[in-house]
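My questions all concern the structure below.
All values derive from a computational prediction rather than experimental measurement. Chain letters run A, B, ... following the sequence lines, proteins first and then strands; every chain starts at 1.
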2 protein chains.
Amino acid sequence: MRFEAITIKDIAKALGLSTSTVSRALRDSHEISPKTKEIVIKYAKENNYRPNPIALSLKEKRSSSIGVVVGEIANSFFSQAINGIESIAHEKGYNVIIAQNKEQLEREISALQFLASRSVDGILLSVSTQTSDFDHIKQLYERSMPMVCFDCVVDFEGIHKVIVDNTKAAFDGTEHLIKKGFKNIACVASSSNLSITKERVKGYIEALQKYQLPVHESNIQYINHGGVILEEISEAMQQLLSQKNKPDALIVCSDRVTTNVMRYCQENKIQIPDQLGMIGFSNIDLTDLLTPSLSVLRQPAYEIGRTAADLLIKMIESKRPITEFETVVLTSNLIERNSSVPKKK
Amino acid sequence: MRFEAITIKDIAKALGLSTSTVSRALRDSHEISPKTKEIVIKYAKENNYRPNPIALSLKEKRSSSIGVVVGEIANSFFSQAINGIESIAHEKGYNVIIAQNKEQLEREISALQFLASRSVDGILLSVSTQTSDFDHIKQLYERSMPMVCFDCVVDFEGIHKVIVDNTKAAFDGTEHLIKKGFKNIACVASSSNLSITKERVKGYIEALQKYQLPVHESNIQYINHGGVILEEISEAMQQLLSQKNKPDALIVCSDRVTTNVMRYCQENKIQIPDQLGMIGFSNIDLTDLLTPSLSVLRQPAYEIGRTAADLLIKMIESKRPITEFETVVLTSNLIERNSSVPKKK
DNA sequence: AATTTTTACGCAAACGATTTCGGTTTAAAT
DNA sequence: ATTTAAACCGAAATCGTTTGCGTAAAAATT
């Protein structure tokens, strides 16, 4: 690849033809004689000729690559989503360039700039938990960079979005706990400025209301700094459990928070599900093995990735400008296990 | 980005200058007067000019991107490694293009071809579990594509490699079990053709020998088809446990196999660690929460990624051809938890 | 005042491929 | 015998940028 890098010029020179003839022969143009074609193709094959994609990109003004911006690659949900993205991209001949925002606004801005300046043909984006101002995204988008948001989406219109029905998922999870006999259900959620947080908390509240259970503000805790630090979780949990009217169950509305809540419970010897019922959003592939096995709301991450990539590539390859914007809503999966089912009753 | 895409030509036309002057002004060349520079830079900034990286790539014959080929992105070890790769790449101004081999030789070949034909500046590769013939890699490499192997490496010389000391890791794990009082330790390993498998089994055997324990071939099981199918695991486990001289402990030498062995034990009500002590290679971030918490040999995936990326970029940017090839060996971490410590003794 | 040097800029080629526009044969049709 | 139409191929422009070389004007030196 590096040194050899045979070009059309080399072929032309070697065969005593012009570059245009060689190019046409390789593209099987009708205005090249079969004989010439044969010679050219044979020579090209023997010398392992491959067209330089960069030269093509320059000419065609497209790079056949798409950028993906996620919080962290090393996060089950995102790596599963990237898996889906890659599968579609691979199918359609695109490559995937990844960038992380590390859940920070500045990193998100620089990641987007980086991708845009690398001339990707489009961008798939899940905004960071710190992002509440969408100017940088709007700017890029208005300069007609094809974009599709997934999971953590922006709150303005006119852009394709792929999400899960967070409200329904949280509703289902809460309803599930109610049906299993829990009466006083608390909720631990992610950053309060995230749309997915708002939606999930909404679903939680709606379920309580449907079953005429009281909604206590003090039963809702927001984890605003990502939940990576165990302390943040401890504080929230202590807040919840120190109430006179202790909750008997918990719905955790964030992937990363869920496992740390589990850690907190284990450290503090809180019996699940007897002392505290539990269901949480999680995409980790090991929750079935926990004791008790964890009931989860699992997002179809792979499918989300595939859908988003598909929409994006359609957008990129569309002849006329897109005027209608889809919001694809996938449903998450309630996997009932032991953490939400009291043993003695 | 798409429509606007202001170029040097546009600036030149607008300002009544030549493209060369504009280019030089923007690169702060000494042969452009301060006045002209100022005008050009001001105009460029106002109109948000960004050099077209594709045009640059064509000219400079480099794309400032590196390719990564791994088995599956949605695998803790690999996503952590990619995280490390991305961190270095980002630092040095490269972007990361990912491709998966899905643990299949053909997919590996096509992934490499794809990346090479996309003219990445270099490739980071962890070969698939199915790969035992390295011709496709050699070919690419001999055409002087800079490459660094990590984790699952090729078995020929003359290429940078970043690995963990698998033999020592397995030795340590086995020794740990021995020291905890286990006498008859079995080993479940990945594909027998993988170098990491061979090394790990070697470490296992060496540890047994050091403590003068007998080595039974029947105590070593190879999982040759990836271990994704639970059946494959069941069969191996049954094979081990149906022996008259049942093993009392197990070292699992593959990330993906470990969790499935745990599943098997849970399903078959095998008490860990009392009936069967256990330690396994794993990079999943939840093994501490299992019951019993799982003792693991954890690979420094993030560091592996960083080291490999660093070596690759040094290789890419090196003026003279590389003649000395490093094999960086990192050490894996033995994390002692409950699965390898018998309760009653 | 004449010469040299410096400064500041433009022209054009190059990177690798495609494609438009012609041009020259040769064959077919009139 | 003349016109027409295929068939085949080449020159040159194009994409956006950099850079070697040339040159005019200005400045510095004699």
Side-chain angles (χ1 to χ4, degrees), chain A residues 1-41 43-44 47-65 93 116-121 143, chain B residues 1-41 43-44 47-65 93 116-121 143:
Chain A
M1 200 60 220
R2 204 80 318 159
F3 292 165
E4 301 209 14
I6 181 172
T7 73
I8 264 190
K9 274 187 192 169
D10 300 327
I11 302 181
K13 201 171 290 174
L15 263 40
L17 294 168
S18 76
T19 58
S20 37
T21 304
V22 175
S23 171
R24 278 189 272 245
L26 291 172
R27 318 205 111 241
D28 202 26
S29 159
H30 65 277
E31 43 182 338
I32 300 295
S33 72
K35 267 179 293 176
T36 311
K37 274 185 195 170
E38 200 189 333
I39 298 172
V40 171
I41 291 171
Y43 188 90
N47 292 76
N48 198 38
Y49 166 77
R50 303 205 178 270
N52 180 329
I54 294 184
L56 279 174
S57 295
L58 182 58
K59 189 139 187 38
E60 314 248 316
K61 291 172 176 297
R62 42 178 264 120
S63 60
S64 288
S65 61
S117 81
R118 295 277 153 178
S119 35
V120 293
D121 294 340
R143 276 193 240 133
Chain B
M1 199 60 220
R2 204 80 319 156
F3 293 164
E4 298 209 16
I6 180 172
T7 74
I8 268 189
K9 275 188 191 170
D10 300 328
I11 301 181
K13 200 171 291 175
L15 264 39
L17 295 167
S18 76
T19 60
S20 40
T21 303
V22 174
S23 171
R24 277 189 266 249
L26 291 172
R27 320 202 111 241
D28 202 26
S29 159
H30 64 277
E31 42 182 333
I32 301 296
S33 72
K35 264 179 294 177
T36 312
K37 275 184 196 169
E38 199 190 333
I39 297 173
V40 172
I41 291 172
Y43 188 90
N47 293 75
N48 199 37
Y49 166 78
R50 301 205 179 271
N52 180 328
I54 294 185
L56 277 173
S57 294
L58 181 59
K59 194 133 190 39
E60 315 244 315
K61 292 173 175 298
R62 42 180 263 121
S63 60
S64 287
S65 60
S117 82
R118 294 278 152 177
S119 34
V120 294
D121 295 341
R143 277 194 239 132

**Q.** Non-hydrogen side-chain atoms of B:Thr19 and B:Val22 separated by less than 4.5 Å
**A.** no

Q: Select one nucleotide: of D:dC15, D:dC9, D:dT17, the one nearest the side-chain heavy atoms of A:Lys61.
A: D:dC15

Q.
In this structure, how many angstroms lie between the P atom of C:dC9 and the CD atom of B:Glu38, rounded?
A. 13 Å

**Q.** Residue met sooner reading DNA chain D from 5', once A:Ser33 and B:Lys59 are mapped to nucleotides
**A.** A:Ser33

(Q) Determine whether a donor-acceptor pair (one donor, one acceptor, N or O, separation below 3.5 Å) exists between the side chain of B:Arg50 and the base of D:dG16. (A) no

**Q.** A:Ser18, nearest nucleotide to its side chain (from D:dG16, C:dG10, D:dA11)
**A.** D:dA11

**Q.** Residue pair B:Thr21 / B:Ile32, side-chain heavy-atom distance below 4.5 Å
**A.**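 Yes, close enough: below the 4.5 Å cut-off.
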
(Q) Base, sugar-phosphate or nothing for A:Ser57? Non-hydrogen atoms, less than 4.0 Å. (A) nothing

**Q.** Candidates C:dC9, D:dC8, D:dT17 - which lies nearest the side chain of B:Thr7
**A.** D:dT17

Q: Go through the N and O atoms of the side chain of B:Ser20 and the base of C:dC11, and report whether any donor-acceptor pair is under 3.5 Å.
A: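 Check passes, donor-acceptor contact within cut-off.
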
Q.
Expressed as a whole number of angstroms, how long is the span from B:Lys35:NZ to D:dA26:C1'?
A.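 Those two atoms, NZ and C1', are 11 Å apart.
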
Q: Could you tell me the separation between the CZ atom of B:Arg62 and the P atom of C:dA14, rounded to a whole number of Å?
A: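 After rounding, the gap between these two atoms is 23 Å.
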
Q: Report yes if the side chains of A:Ile8 and A:Leu26 come closer than 4.5 Å at any heavy-atom pair, otherwise no.
A: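 Yes, close enough: below the 4.5 Å cut-off.
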
Q: Report the distance from atom CG of B:Leu17 to atom P of C:dG10, rounded to the nearest whole Å.
A: 5 Å

Q. Which nucleotide in the set C:dT18, C:dA12, D:dC15 lies at the smallest distance from any side-chain heavy atom of A:Arg27?
A. C:dT18

Q: Would you kindly give the CG-to-C1' distance between B:Leu56 and D:dT17, to the nearest whole Å?
A: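 B:Leu56 atom CG is separated from D:dT17 atom C1' by 6 Å.
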
Q: Return yes if the base of D:dC15 and the side-chain atoms of A:Glu60 contain a donor-acceptor N/O pair under 3.5 Å, otherwise no.
A: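 Answer is no: no donor-acceptor pair is held.
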
Q: Just compare C:dC15, C:dA17, C:dG22 and give me whichever is closest to any side-chain atom of B:Leu58.
A: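 That would be C:dC15.
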
Q) Rounded to the Å, how far apart are A:Ile39 CD1 and D:dC9 C1'? A) 13 Å

Q: For the side chain of A:Thr21, starting at C-beta, report the closest nucleotide among D:dT18, D:dC9, C:dA17.
A: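 Closest nucleotide to the A:Thr21 side chain: D:dC9.
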
Q. Taking it one step at a time, do B:Leu15 and B:Val40 satisfy side chain to side chain contact (heavy atoms under 4.5 Å, CB included)?
A. CA-CA 8 Å; B:Leu15 264 39; B:Val40 172; 4.0 Å; yes

(Q) Any side-chain N or O of B:Thr19 below 4.0 angstrom from OP1/OP2 of D:dT17? (A)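 B:Thr19 to D:dT17 OP1/OP2: no side-chain N or O under 4.0 Å.
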
Q | Nearest-nucleotide pick for B:Pro34, side chain only, options being D:dG16, D:dT18, C:dA8 | A |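 My answer, after comparing the listed nucleotides, is C:dA8.
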
Q) For A:Ile8 and B:His30, take the nucleotide of DNA chain C holding the closest heavy atom to each; which residue's nucleotide lies nearer the 5' end? A)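 The answer here is B:His30.
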
Q) For the pair made of CD in B:Glu31 and P in C:dT5, what is the distance, rounded to whole Å? A)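 Rounded to whole Å, this separation is 19 Å.
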
Q. Quick check: are there more than 12 heavy atoms from other residues, nucleotides or ligands sitting under 6.0 Å from CD of A:Glu31?
A.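 Yes, because the 6.0 Å sphere around CD of A:Glu31 holds more than 12 heavy atoms from other groups.
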
Q: Return yes if some donor-acceptor pair links the side-chain N/O of B:Asn52 with the main-chain N/O of B:Ile54 below 3.5 Å, else return no.
A: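 Looks like yes, one N/O pair under 3.5 Å.
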
(Q) Rounded to whole Å, please give me the gap between CG in B:Leu26 and P in D:dT17. (A) 9 Å

